[in-house]
Amino acid sequence: MKPPASVGGIFFSEVNMAITYRGERFSGYNKPKRTSGHKTKSHAVLAKEGDKIKLIRFGQQGAKTKPPKKNETEADKAKRKSFKARHAKNIAKGKMSGAYWADKVKW
C-alpha cells in the first residue's frame, strides 16, 4: 500500500478516498460533516470552487433554534424565512461562504 499523496498540505488517502486537511478528515470536497469536538461550530466542510480550497466552519454548537422541516408551525416557517432573508447576500456568494452551507445543511 502506498503512503497518502500530499498536495499543498492536503493529504489524499487512496483507501477510502478520504481527504485529510489540517489534521481533519473529510469524505470529499463540498461534503459537510458534523464537528461535535469543536467548541463553537457544529459543522465543517472542505469547500472547493475551481482551484480554490477552503475549510469552512459554520453553525452554532448546541443551538436548538433550527426548526424541523416536517410538520413545522407558522412560527417555524417565519423563522426559516427570516434567516434566508437576513443572510441572502452571503448565501448568494456561493460555496465559499459559511452562510451558503448553513442554509443548505441547517435550514
Side-chain angles (χ1 to χ4, degrees):
M1 187 158 124
K2 294 191 302 186
S6 172
V7 177
I10 302 170
F11 292 94
F12 303 93
S13 173
E14 294 178 14
V15 176
N16 59 2
M17 298 307 292
I19 300 167
T20 304
Y21 183 76
R22 295 183 183 171
E24 198 163 346
R25 279 178 87 81
F26 292 90
S27 59
Y29 294 113
N30 301 325
K31 295 187 178 181
K33 70 171 194 169
R34 298 249 333 139
T35 54
S36 57
H38 196 269
K39 78 175 188 181
T40 57
K41 298 298 177 184
S42 65
H43 290 76
V45 64
L46 192 57
K48 183 175 182 179
E49 202 168 51
D51 290 342
K52 287 177 62 178
I53 297 170
K54 185 177 179 182
L55 173 62
I56 298 172
R57 295 187 185 280
F58 61 95
Q60 183 182 352
Q61 192 68 270
K64 302 289 186 223
T65 58
K66 180 191 152 245
K69 291 184 182 180
K70 290 184 181 178
N71 303 326
E72 67 183 4
T73 65
E74 289 300 316
D76 289 340
K77 286 180 185 174
K79 199 181 284 190
R80 183 183 310 282
K81 187 177 176 183
S82 291
F83 174 86
K84 289 177 183 279
R86 186 169 59 249
H87 297 285
K89 197 179 232 182
N90 290 324
I91 292 168
K93 290 180 182 177
K95 293 179 183 177
M96 300 307 261
S97 78
Y100 170 87
W101 291 104
D103 177 52
K104 187 173 178 177
V105 174
K106 295 186 74 80
W107 291 91

Which heavy-atom pair separates [X] from [Y] by the least distance, and what is that distance?
X     : Y      : answer
Ile91 : Ala99  : CG1-O, 3.6 Å
Asn30 : Lys95  : ND2-NZ, 3.7 Å
Lys77 : Glu72  : CG-OE2, 3.1 Å
Leu55 : Ala44  : CD1-CB, 4.4 Å
Gly59 : Lys106 : CA-CD, 3.9 Å
Pro32 : Val105 : CG-CG2, 3.5 Å

* For the hydrophobic clusters of this structure (ILVMFWY residues joined by side-chain heavy atoms under 4.5 Å, transitively), does one cluster hold both Tyr29 and Tyr21? -> yes
* **CD-OG distance between Glu49 and Ser97, expressed to the nearest 0.5 angstrom** => 9.5 Å
* What distance separates His43 NE2 from Lys104 NZ, expressed to the nearest 0.5 Å? -> 12.5 Å
* Got Arg34 and Ser42 here, is their nearest side-chain heavy-atom distance under 4.5 Å? -> yes
So does [Y] get a backbone contact from the side chain of [X], meaning a donor-acceptor N/O pair under 3.5 Å?
X     : Y     : value
Lys33 : Arg25 : yes
Thr35 : Lys41 : yes
Asn90 : Gly98 : no

* **Verdict with supporting geometry, Ile53 and Lys48, side chain to side chain contact (heavy atoms under 4.5 Å, CB included)** => CA-CA 5 Å; Ile53 297 170; Lys48 183 175 182 179; 4.0 Å; yes
* To do: Start with the C-alpha distance between Tyr100 and His87, add both sets of side-chain angles, then the distance that settles side chain to side chain contact (heavy atoms under 4.5 Å, CB included), and finish with yes or no.
  => CA-CA 9 Å; Tyr100 170 87; His87 297 285; over 6 Å; no
* Asp103 and its salt bridge (charged side-chain N to carboxylate O under 4.0 Å, His left out) partner, picked from Lys84, Lys81, Arg80 -> Lys84
* Think Lys31 forms a cation-pi with Phe26, using NZ or CZ under 6.0 Å from the six-ring centre and within 45 degrees of its axis? -> no
